Amino acid sequence: MDLYEHLFRRESGRLVAALLRVFGLHNLALAEDVAQDILCRALEVWKFHGPPANPGAWLMATAKNRAIDVLRRERTARTFAPELGRLLDSEWTLVPSVEELFEPHALQDDLLRMMFSCCHPRLSEEAQVSLILHVLCGFAVGEVAAAFLATEAATEKRLWRSKRVLAASKRLVEVTDGEDVHRRLPAVQRALYLLFNEGYHGASSESGVRAELCHEAMRLAALLLEHPATSTPASRALLALMCFHAARLPARLDASGQLTSLFDQARTLWDKNLIAEGERLLDLSASGPHLSEYHVQAAIAAIHSQASGVEDTNWGAIVALYDTLMEVSPSPVVALNRAIAIGQLQGPDRGIDEIRAISGVERLGSYPFYYAALGELELRRGRHQEAGVHFRAALRLARNAMERQFLERRFVASQPHSPSKELPP
Amino acid sequence: MSEFVYLYRNAERPPSAEQMQQQMQKWMAWMKDLQAKGHIKDTGHPLERSGKVVKSHGKSISDGPFAEAKDVVGGYTLIEAKDLDQAAQLASGCPIFNVGGYVEVRPVMKM
């Protein structure tokens, strides 16, 4: 039989999460070792005889037996999950206690507990995202490093520090605990949003890696919707936003692997099922008193998804939504996107005025798409020289090869002596 | 047709879960191919790394390893092939080479 894609990676996260409840968070390294070992044995046995009918259940049953072995062998040398307390002291209670923890209903919320535990307030957002990718999504250190275009040594160091913080926290965050969950939910949503964006906008130039990060973020965001405590309107809006953006993934890179802007994408390539799912979730998110930035962003993405091109996009509605977003979650980048939308609605002169008027515009000085936006608007005004200056400035700030190639092409296209028809396809 | 044993030696752990899965899928494809061509007499088994070495009528019983660590046998398969050359040729597609291992091909002795 064929295994589903990424089974080992995903099961790795489930195994660690389940083992941690038995061993306790402070034994994170032990849980990771045992999980790794179980996967290695699966590899050895399955490569000869093929996987069993239900590989996930097989792995979990193995984990349970291994957990019991470890507890028997080390219960005097180590302390384990404090919740289990004296139950581990006697053989009569040890086995039933562990079996209880491996019951399907007990395993159900493991990934959520881990997700919330990884979003520890003492960790930076980037550290939380790396930790989620490593522990929960089963990415090896080298794979996390590749996703963020960081060195393996730096990633290793960051993960090591993060794991120490995680292992030092008293216990896993219980998803039944209303207050804990309520307090950490925004951080969890934010981490998943960043994980998705890393895939969508991020540094890694390999399209496979990028799509995988998006899929992992969506898988974890979908888990939030499965539990009543975490399935808030904002969680639904977050997944809706991801659906709308993921729908564009097939069109984001053109045939030669080059980045394509929203304005130039072949919209027939957009995934209609994901757009429909985004709309369904956005409808479901419309409840409660709290309007999150994810609501507004998803609504903006929904409008783009309804248009067949730039011309028939409802820019009026988009500007109004950016006005709202500036109230909910103001930032210079949001203001820049609002100015670009105004440029579409009322012409490039107004767009440029709006960009110049952004408060804190100096904070955009290192953001390549600030200069690119000015370049596009100047180009629409027919000022090729000014456009060229802006695109060159953007090019100097490009953060990776994908951005550099994209901005190079925009620069060439902005110059009258190099009409775009002479560009490589 | 003659019989041969493949001894799989010295394979290392792939460093990530994703690579483990890829490695396993390559093995399954390789085994399936040999099976389809009628070369598998017995799929065989992987072997535990631990074990004991018994010598001198049991007067010396020690824990493994049994050879140099780099030569540890990780599993075996019973193969049918025309001759040793063909058996060796068939082994050249084994995914063990991706993880630093090698295959020892030994003819089964028959009268």
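The model shown is predicted, which means the values in this text are computed figures rather than measured ones. Below, read A as the first sequence line, B as the second, and so on, with proteins coming before strands; counting in each chain starts at 1.
- A salt bridge links A:Glu32 with A:Lys163: the closest approach of a Lys/Arg side-chain nitrogen to an acidic carboxylate oxygen falls below 4.0 angstrom.
- Contact count versus chain A (heavy atoms, under 4.5 Å) is highest, among B:Gln23, B:Gln22, B:Arg13, for B:Arg13.
- Applying the side-chain hydrogen bond (donor to acceptor under 3.5 Å, both in side chains) test to A:Glu11 and every residue at least two apart in sequence or in another chain returns A:Tyr4, A:Arg14.
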Requested in this report: Apply salt bridge (charged side-chain N to carboxylate O under 4.0 Å, His left out) to A:Arg9 and A:Glu216, showing your working.
Outcome: CA-CA 11 Å; A:Arg9 213 165 67 187; A:Glu216 289 300 309; 3.6 Å; yes
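- Neither the backbone nor the side chain of A:Ala35 comes within contact range of chain B, judged by heavy atoms closer than 4.5 Å.
- Panel note: side chain A:Ser117, backbone A:Val173; a donor-acceptor pair is recorded below 3.5 Å.
- The choice from B:Pro46, B:Pro14, B:Ala17 that makes the most heavy-atom pairs within less than 4.5 Å of chain A is B:Pro46.
- Using modelled atom types, one side-chain atom of A:Ser130 and one backbone atom of A:Glu126 make a donor-acceptor pair closer than 3.5 Å.
- Taking B:Gln19 as the reference, B:Ser16 meet the side-chain hydrogen bond (donor to acceptor under 3.5 Å, both in side chains) condition, with sequence neighbours excluded.
- There is no contact between B:Pro95 and chain A, counting heavy-atom distances below 4.5 Å.
- Proximity to chain B is absent for every atom of A:Arg10, based on heavy atoms less than 4.5 angstrom apart.
- Between chain B and the residues A:Lys47, A:Arg41, A:His49, A:Glu44, the most heavy-atom pairs under 4.5 angstrom are made by A:Lys47.
- Within a 6.0 Å sphere centred on CZ of A:Arg66, other residues, nucleotides and ligands contribute more than 12 heavy atoms.
- Contacts with chain B were tallied for A:Gly138, A:Gly142, A:Ser12, A:Cys40; A:Cys40 has the most, counting heavy-atom pairs under 4.5 Å.
- The contact between A:Glu143 and chain B is made entirely by side chain atoms (from C-beta outward), counting heavy-atom distances below 4.5 Å.
- Of the listed residues B:His45, B:Lys26, B:Met31, the one with more heavy-atom pairs under 4.5 angstrom with chain A than any other is B:His45.
- At a 4.5 Å heavy-atom cutoff, the contact between B:Met20 and chain A is made by backbone and side-chain atoms alike.
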